[in-house]
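Since the model is a prediction, treat every value here as computed from it, not as a measurement. Residue numbers start at 1 and run along the sequence shown.
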Amino acid sequence: MDIVILAVVIAVVVLGALGGLIVGSRRKKQLPPPPPAAPDITAPPAEPHVGDEAETPREEPRRTIEEVDLPDGSAPVVVEEPPAEVPEIEIPEPTAGRLVRLRTRLSRSQNALGKGLLTLLSREHLDEDTWEEIEDTLLTADVGVQPTQELVERLRERVKVLGTRTPEELRTLLREELVTLVGRDLDRAVKTEPEDRKPGIVMVVGVNGTGKTTTTGKLARVLVADGQSVVLGAADTFRAAAADQLQTWGERVGAHTVRGPEGGDPASVAFDAVKEGKEMGANVVLIDTAGRLHTKTGLMDELGKVKRVVEKQAPVDEVLLVLDATTGQNGLVQARVFSEVVDITGIVLTKLDGTAKGGIVVAVQRELGVPVKLVGLGEGADDLAPFEPEAFVDALIGE
């Protein structure tokens, strides 16, 4: 019996040992591989908290007071900003004798009118056909019917009295008659210096495309060259960039420009320009008006309004009508319409260098009864010249 009990105990012990071995092997197979060892990183020292003891201070090198650079008490350094660029003021060339200097610009009119007449008058026999050719030459040059008839009649009488005709005699004869036709005794000065007040007020009017704004800027140069101070009024508020263009012209000669919002009231801008001209003590105020289409009655009426508003402060001394010389007889139509709205006191003929119709000077003066005061003879800034009858005729007939 004891042997049986001993055998059972041994069997139980053996089975328990075998079971432990099996369970241990299974656990070893299921365990994941151990993680890689973390690098040895020294943790930053923790921030001290309330109640912690302070760390023993470390020795650090320190400078003595002699080694420290102290301020010397001078004013702080101020960095100055570069000044804004100011446009350089130009000095226009003198206006005296300017037309003489620009006489070569009239070469087209010279060939068509002056030399053409001299060639015809130099013929040995001046028959009716020749006189008809002379008339045609004058009409083609836009002299006009009535002035042409008057000139031909005087030439016929003087040639008959003269008898034999040398080239020099013919040139003298033609010069005298053309100067008379153009008008030697007309007052061509631009009225900018009224005796009883300052400033003088000049309005510049004309249709689109005649070079009106450019002419206003060039006229400012003419006045500055003659020693006058100028304020520009940009009352052409309907054309894009018109005010910018005029302001650029003014800045070049040091003239102040008064402008308003685009599409604003032109009369208001003109009024303000005269007001500022008075406050600044300027000699002249030039008012550039919108390029009115002469077929639009409403716009023409508005031009009259501008003049009336300005005259609430002071009378307008000059109303200059700018005409394109290349438009010929159409320019006369424009002149008539403008003269009905505002009292034109003078004519500015632009682009006279680009046409053979120099006789338009005579025709427009006869049409309006006012003189040509200025002529444009090129694209340059100083190509606007006071009109001089003798210099103009000399340029037409040549040397």
Side-chain angles (χ1 to χ4, degrees), residues 92 95-96 183 185-206 210 212-236 246 249-250 253-258 266-290 292 300 302-323 335 338-350 364-365 368-376 384-388:
T95 60
D185 301 326
L186 296 175
D187 183 6
R188 302 181 186 277
V190 179
K191 301 295 189 300
T192 58
E193 300 180 78
E195 297 180 357
D196 56 341
R197 59 180 168 80
K198 288 175 63 175
I201 302 173
V202 180
M203 283 182 60
V204 184
V205 302
T210 58
K212 182 173 46 54
T213 300
T214 299
T215 298
T216 305
K218 290 183 178 182
L219 179 55
R221 295 179 65 89
V222 168
L223 296 173
V224 169
D226 291 338
Q228 301 191 55
S229 57
V230 179
V231 169
L232 297 172
D236 185 355
L246 189 64
W249 278 102
V253 292
H256 175 61
T257 302
V258 178
S268 176
V269 176
F271 184 89
D272 291 341
V274 176
K275 181 180 178 182
E276 291 195 28
K278 286 182 176 181
E279 294 173 352
M280 296 174 63
N283 298 113
V284 188
V285 174
L286 294 179
I287 301 173
D288 176 35
T289 60
R292 312 296 177 182
M300 295 299 292
E302 186 176 339
L303 182 60
K305 173 191 170 185
V306 172
K307 186 171 184 288
R308 291 192 301 272
V309 169
V310 169
E311 288 183 329
K312 291 181 179 180
Q313 297 194 80
V316 174
D317 301 288
E318 283 276 7
V319 179
L320 297 176
L321 173 61
V322 180
L323 293 177
F338 276 94
S339 64
E340 294 171 0
V341 178
V342 289
D343 296 327
I344 304 298
T345 59
I347 305 296
V348 183
L349 276 178
T350 63
V364 72
Q365 290 184 155
L368 295 183
V370 297
V372 171
K373 295 191 172 184
L374 298 158
V375 289
L384 185 70
F387 185 75
E388 304 170 27

- Has the side chain of Thr350 got a donor or acceptor atom that lies under 3.5 Å from a matching backbone atom of Leu323? yes
Could you tell me if the side chain of Thr215 sits less than 4.5 Å from the side chain of Thr210, heavy atoms only? no
Here the pair of heavy atoms bringing Pro266 nearest to Ala235 is CB-O, 3.2 Å
Check the pair Val316, Glu311 against side-chain contact (heavy atoms from CB on, under 4.5 Å), reporting the backbone distance first and the verdict last. CA-CA 6 Å; Val316 174; Glu311 288 183 329; 3.8 Å; yes
Tightest non-hydrogen contact, residues Ser229 and Ala282, listed as OG-CA, 3.4 Å
Residues Gly250 and Leu232: closest non-hydrogen pair is CA-CD1, 3.7 Å
Query - Donor-acceptor pair, side chain of Lys278 and main chain of Gln313, under 3.5 angstrom - result: yes
Only one of Leu374, Thr214, Val375 passes side-chain contact (heavy atoms from CB on, under 4.5 Å) with Leu384, and that residue is Leu374
Notebook entry, point to check: Do Thr289 side-chain atoms and Asp236 backbone N/O form a donor-acceptor pair below 3.5 Å?
Noted result: no
Without swapping roles, check the side chain of Arg197 against the backbone of Pro199 for a donor-acceptor pair under 3.5 Å. yes
Would you say Val370 and Thr345 make side-chain contact, with heavy atoms under 4.5 Å? no
Using a 3.5 Å distance criterion without hydrogens, assess whether the side chain of Glu318 forms a donor-acceptor pair with backbone atoms of Thr192. no
Worksheet item: Does the side chain of Val319 come within less than 4.5 Å of Phe338's, by heavy atoms?
Response: no
(message) Donor-acceptor check, side chain of Asp187 to backbone of Ala189, threshold 3.5 angstrom: yes or no?
(response) yes
- Short side-chain to backbone donor-acceptor contact, Asp288 and Ala234, under 3.5 Å: no
Of all heavy-atom pairs linking Val372 and Arg188, the shortest is O-NH1, 2.8 Å
Check: Asp317 side chain, Ile201 main-chain N or O, donor-acceptor pair, under 3.5 Å: yes
**Prompt:** Is there a side-chain contact between Ile287 and Val274, using heavy atoms and a 4.5 Å cut-off?
**Reply:** yes
